[in-house]
Enquirer: 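Okay, here's the structure, questions in a sec.
Here the structure is a predicted model, which is why all the values come from computation and not from measurement. All values below come from the heavy atoms of this structure, side chains included, with hydrogens, waters and symmetry mates left out. Chain A is the first sequence line, chain B the second, and so forth, proteins listed ahead of strands; every chain is numbered from 1.
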Protein chains: 2
Amino acid sequence: MNRAAATIARRDASPASADWPGDVLARADKARVRTRSCAQCDLGSLAFCDGFAPRTVSSIRRVQCTVQHDAHDTLFREGDEGAAVYSVLSGAIKVYKLMPDGRRQITGFFFRGDMFGFCLDGSYAYTAEAITPIEVCRLPMQRLNDLSETAPEVQHRIMLRMTAKLAQFHNHVLLLGRKTARERVATFLLSLSDRARRRGDPPSPLALPMGRADIADYIGLTVETVSRTMTAFKRDGLIDLPTPNHIDICRAEALRAVSDGTARG
Amino acid sequence: MNRAAATIARRDASPASADWPGDVLARADKARVRTRSCAQCDLGSLAFCDGFAPRTVSSIRRVQCTVQHDAHDTLFREGDEGAAVYSVLSGAIKVYKLMPDGRRQITGFFFRGDMFGFCLDGSYAYTAEAITPIEVCRLPMQRLNDLSETAPEVQHRIMLRMTAKLAQFHNHVLLLGRKTARERVATFLLSLSDRARRRGDPPSPLALPMGRADIADYIGLTVETVSRTMTAFKRDGLIDLPTPNHIDICRAEALRAVSDGTARG
DNA sequence: CGTTGACTTGATAGCAGTCAAGTCAAGTGG
DNA sequence: CCACTTGACTTGACTGCTATCAAGTCAACG
């Protein structure tokens, strides 16, 4: 189980080096930065640099570094200087915003192959936190910009990722603004399932690495309502819950109908 | 008054030409496309191409066209091929998504200097509709991509706009997921006011080109709740409503406190 | 075997939605 | 000029969905 990773020694006070950029260490104090680079990257077609010209790939390799974090580590905070984008190699990450009184809104979950941290200049608009032990590929934004002089395809691909994220936000805003609790939970589960399928994960049982509180803060409900709704779906035979963190979608069409509000009743 | 623009003749069945791209006419059947180009553009520092090298600007001019629409015209629909991005010269535009049963979520308002329609490939994720008579600068996305070979600053600037939009979405998701009705309305009014200031519009009275129903569908409430809340703000002296479509923000700090949930009571 | 934390279930309350009617300004036509 | 229409906004009464508060279940762990 991935708890084991949490036992690896931390490099809290090690000096920065060319391979381990100082700002990574300054910001993410508990990060373990590995010298070995993209060579062992197993993202395949999910990788940001998949399909780039060899020269472009090696340019990216020179500025990239791989970082490991324990569960619950904070990668960066809202207001931090937005210095890098991240590509997820393994594990799950959540990003969120807080209100002064502690209300929290999770604005995204990120899994293997996903990228987050887009921030051209200025500071991050949100905090990023590891849900499970994670491994991410860190790409300094400034270096990627420099690359664009010789390799415009790099910028183009970042834009593709950002466009996809924008489309996702449009859907999520619809969910938060206009969907009922049942519709929100159904939409959320189908979206997780769809993303698992796209990245080639076994579709069943679907892993829910985040807790009920995270789900609630993502879809704008409370823990209790999420729990009640999932229980109701189970009672109605739409899903099964072998464990609280694994679901089987039994009747995808029916769940889809709930999700877009066309379910009868 | 800008109603006058609505009387200009339409060019419904005119043949396409190099200056008036065929796809503009096919999609936006009621559009009036003007041959005169960026020469008369008065966006100044708000313009997408402001500050680009003269050669880059003239490349953009060659592929750009200016389009006029009446209020309530649809520029493109959810599912249409995403062929172009738009920069607003004048007027107000809303973009929205619909659910099968008619529920609507407005995901953005766009004013002078704003850009919308980002969609690298695939189709638009939302419908765009003119609120008032509008004039927009249409930039075919494919042509902008071609330009990036010689002028990477074009892509970079698109990325800046997209990054800003992403940050905006994070805030809007927080509003929809976790804010109360009062907080939502306060946040909305302050955001409109802030955007007016940034584009150099007179800050007071603040124009509300959209109706109550549009506001409600943007911040996830009903018309009645929006109306009641604005009335309450007026009663409490936070704002004044000289007409239903113009507001004066009387106590900005107090409204700000309501907006981020720090207001007492 | 007790502790802990996450999840679930139950009872009640409240905020915003729904339904309905009223106000108001701008147009329209006699 | 004035009665009538229209559409947008406002106000009021009531309902209901989801939040809140509280307690119970359960598995993991030491």
Enquirer: Figure out the CZ/P separation between A:Arg182 and D:dC17, and round it to whole Å.
Expert: 12 Å
Enquirer: Roughly, in whole Å, what's the span from CE in A:Met210 to P in C:dC7?
Expert: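 One finds 11 Å between P of C:dC7 and CE of A:Met210, rounded.
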Enquirer: I need the CZ-C1' distance between A:Arg212 and D:dT25, as an integer number of Å.
Expert: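 A:Arg212 atom CZ is separated from D:dT25 atom C1' by 14 Å.
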Enquirer: Roughly, in whole Å, what's the span from NE2 in A:His246 to P in C:dC7?
Expert: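 Atom-to-atom, A:His246 to C:dC7, this comes out as 13 Å.
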Enquirer: Quick check: do B:Tyr218 and B:Thr107 have side-chain heavy atoms less than 4.5 Å from each other?
Expert: no
Enquirer: If the cut-off is 4.0 Å, is B:Thr180 near the phosphate of C:dC15, judged by side-chain N/O to OP1 or OP2?
Expert: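 It does not, given that no N or O in the side chain of B:Thr180 lies less than 4.0 Å from OP1 or OP2 of C:dC15.
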Enquirer: Please report the distance, rounded to the nearest Å, between CG in B:Asn245 and C1' in D:dT10.
Expert: 14 Å
Enquirer: Pull out every residue in residues 218-228 of chain B that has a heavy atom closer than 4.0 Å to any atom of DNA chain C, ordered by number, or say none.
Expert: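 Hits under 4.0 Å, by residue number: B:Gly220, B:Leu221, B:Thr222, B:Glu224, B:Thr225, B:Arg228.
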Enquirer: Tell me the interatomic distance from A:Met230, atom CE, to C:dT8, atom P, rounded to whole angstroms.
Expert: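 Distance check: A:Met230 CE to C:dT8 P gives 6 Å.
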Enquirer: Which residues pass the side chain to side chain contact (heavy atoms under 4.5 Å, CB included) test with B:Leu241, not counting sequence neighbours?
Expert: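 Testing B:Leu241 for side chain to side chain contact (heavy atoms under 4.5 Å, CB included), a comparison that skips the adjacent residues, returns B:Arg212, B:Met230, B:Lys234, B:Ile239, B:Ile247.
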Enquirer: Out of the candidates A:Phe110, A:Phe109, A:Tyr124, only one should pair with A:Val95 under the side chain to side chain contact (heavy atoms under 4.5 Å, CB included) rule; please name it.
Expert: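 For A:Val95, the side chain to side chain contact (heavy atoms under 4.5 Å, CB included) test succeeds with only one of A:Phe110, A:Phe109, A:Tyr124, which is A:Phe110.
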Enquirer: Indicate yes or no: at least one non-hydrogen side-chain atom of A:Tyr126 is less than 4.5 angstrom from one of A:Phe76.
Expert: yes
Enquirer: Find out whether A:Arg182 and A:Asp236 are in side-chain contact, i.e. whether some heavy atom of one side chain is under 4.5 Å from a heavy atom of the other.
Expert: yes
Enquirer: Whole-Å distance between D:dG7 C1' and B:Asp214 CG?
Expert: 14 Å
Enquirer: Would you say that B:Phe111 contacts B:Ser90 through its side chain, given a criterion of any heavy-atom pair below 4.5 Å between the two side chains?
Expert: no
Enquirer: Output the rounded distance in Å from CG (B:Leu176) to P (C:dA16).
Expert: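 Spelled out: CG on B:Leu176 to P on C:dA16 is 13 Å.
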